[in-house]
Amino acid sequence: MTIAQLAKILILTHAGFGGIALISGAISLLAKKGTVLHKKSGKLFFYTMLTSTILSLAIANMPNHKSSFLFCIGIFSSYFIIGGFRSLNYRKRNHSVRADKFLAYLIIVTGAAMMIYPVLLDKKIDIVLFVFGLIALIFGVIDLILLKNLKKLKKNWLKIHLSKMISGYVAAVTAFVVVNEWIPGVWAWFTPSIFGTVYLAYWFFKLQKKGSVTKPT
C-alpha cells in the first residue's frame with residue numbers, strides 16, 4: 001500500500017466518523033438533558049469525534065497533506081471534546097486535575113501558535129487562526145483559574161461541560177461547512193460559532209434562571 005492510498009483511506013475514515021459525530025452530536029443537543037438518549041448519543045459523539053480528530057492530526061502530517069493549519073485546528077477540537085467529557089468528573093470529591101491542567105497549557109500553547117505562526121511565516125495575520133487562537137487562549141486561561149479552586153470547579157461543572165461539548169460540536173459543524181463550501185469565504189469559519197454562542201448563551205440563561213448548576217444531567 002502506498003502513502004497516497006493510506007492517506008485516502010484515512011481521509012475517508014475521518015470523514016465517516018465525522019459524519020457520525022455530526023448526527024449523534026445533534027441528537028445529544030436536542031435530546032432532553034439527563035435522559036438515556038442524551039447520554040448515549042453524547043458518548044457516541046465524543047468517541048466518534050475524537051477518532052475523527054485524531055485521524056485528522058495524522059493526515060495533517062502526511063506527505064502532500066501536511067498542514068500546520070489543520071493540525072492546530074485538530075488540537076483545538078480535541079481540547080474541547082476531551083475537556084467537556086472530563087468535566088463530568090468534576091462532581092467527584094477526589095478527582096485529579098493534573099490531566100486537565102495539561103490540556104489547559106496545551107491549548108494555550110496551541111492558541112499562541114495559531115496567532116503567531118502566520119505572522120512568522122507570511123508576515124501577516126490570518127484572521128481565522130487569530131480569532132480561534134484567541135478563543136483557545138481565553139479558554140485555557142479560564143481553565144487554569146478554575147482548576148485552582150476545586151470547590152468552584154465542582155459548582156460550575158455543568159457550565160463547563162456544556163460550553164466545551166457545544167464548542168466541540170461547533171468545531172465539527174465548522175469543518176463540515178468549510179470542506180463542503182456551503183458558506184462562501186471567511187464566513188464559513190465563523191457562522192457556526194455565532195449560532196453556537198447563541199445556543200450556549202440560551203443554556204447559561206436557563207441554568208441561571210433555575211438557580212443551580214450542580215444537578216446531574
Side-chain angles (χ1 to χ4, degrees), residues 1-31 37-86 88 99 102-103 105-107 109-111 113-115 117-118 121-122 126-129 131-133 135-136 139 164-193 195-196:
M1 180 184 294
T2 65
I3 296 296
Q5 290 174 326
L6 177 60
K8 186 175 182 179
I9 292 174
L10 290 179
I11 290 171
L12 290 174
T13 307
H14 157 73
F17 277 104
I20 297 173
L22 280 173
I23 296 172
S24 58
I27 293 173
S28 182
L29 286 175
L30 297 174
L37 179 60
H38 170 73
K39 293 178 181 179
K40 295 291 185 182
S41 57
K43 283 186 178 180
L44 181 59
F45 165 72
F46 170 74
Y47 287 113
T48 53
M49 183 63 181
L50 182 60
T51 302
S52 180
T53 302
I54 291 173
L55 289 173
S56 73
L57 294 176
I59 295 167
N61 283 287
M62 297 184 73
N64 299 321
H65 296 281
K66 287 185 179 293
S67 174
S68 300
F69 180 90
L70 291 178
F71 188 80
C72 288
I73 295 297
I75 294 179
F76 187 77
S77 302
S78 299
Y79 156 78
F80 279 125
I81 57 175
I82 294 174
F85 193 75
R86 285 186 59 80
L88 294 172
F102 172 78
L103 283 173
Y105 284 117
L106 178 62
I107 199 60
V109 172
T110 302
M114 291 169 74
M115 297 172 71
Y117 182 76
L121 186 67
D122 302 320
D126 184 304
I127 186 63
V128 173
L129 284 179
V131 171
F132 282 102
I135 293 173
F139 266 93
K164 290 188 176 177
M165 294 305 283
I166 290 174
S167 296
Y169 185 73
V170 167
V173 173
T174 301
F176 184 77
V177 169
V178 170
V179 168
N180 291 281
E181 300 180 343
W182 280 10
I183 301 175
V186 72
W187 285 106
W189 290 96
F190 297 128
T191 300
S193 295
F195 282 99

Report the C-alpha distance between M115 and F132 in whole Å, list the side-chain angles of each, state the deciding distance to 0.1 Å, and finish with yes or no for side-chain contact (heavy atoms from CB on, under 4.5 Å).
CA-CA 8 Å; M115 297 172 71; F132 282 102; over 6 Å; no
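- Annotation: side chain of Y117 is not in contact with side chain of D122 (no heavy-atom distance under 4.5 Å).
- A heavy-atom distance below 4.5 Å is found between the side chains of M49 and T53.
- Relative ring orientation between F46 and F85 is described as parallel, the plane-to-plane angle staying below 30° on a 0-90° scale split at 30° and 60°.
- Atom-to-atom distance recorded for I23:CD1 and S28:OG is 13.5 Å, nearest 0.5 angstrom.
- Remark: F139 pairs with F80 by the ring-ring contact (aromatic ring centres under 6.0 Å, His included) rule, at least two apart or across chains.
- Here the closest heavy-atom approach between residue G196 and residue V170 is recorded as CA-CG2, 3.7 Å.
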K40 and L44: CA distance, side-chain angles, deciding distance, side-chain contact (heavy atoms from CB on, under 4.5 Å) verdict:
CA-CA 6 Å; K40 295 291 185 182; L44 181 59; over 6 Å; no
Just do the side-chain contact (heavy atoms from CB on, under 4.5 Å) check on I27 and F45 with the steps written out, would you?
CA-CA 9 Å; I27 293 173; F45 165 72; over 6 Å; no
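- For I11, the side-chain contact (heavy atoms from CB on, under 4.5 Å) partners are I59, H65, not counting sequence neighbours.
- Residue I54 holds its CD1 atom at 12.0 Å from NE2 of H14, rounded to the nearest 0.5 Å.
- Counting heavy atoms from C-beta on, the side chains of V177 and T191 never come closer than 4.5 Å.
- Using a 4.5 Å heavy-atom cutoff, the side chains of L6 and M62 are in contact.
- The CZ atom of F76 lies 12.0 Å from the CD1 atom of I81; values are rounded to the nearest 0.5 Å.
- Side-chain contact check for L106 versus Y79: every heavy-atom pair is 4.5 Å or farther apart.
- Closest non-hydrogen pair, L129 versus P118, comes out as CD1-CG, 3.6 Å.
- Smallest separation of non-hydrogen atoms from T48 and S24: OG1-OG, 4.0 Å.
- Scanning all heavy atoms of the two residues, the minimum distance from I107 to I75 falls at CD1-O, 4.4 Å.
- A distance of 5.5 Å separates CZ in F190 from CD1 in I127, rounded to the nearest 0.5 Å.
- Taking CD1 from I82 and CZ from R86, the interatomic distance works out to 9.0 Å, rounded to the nearest 0.5 Å.
- Taking NZ of K8 as the reference point, atom OG1 of T13 lies at 12.0 Å (rounded to 0.5 Å).
- In this structure, A136 and G111 approach most closely via the heavy-atom pair CB-CA, 3.8 Å.
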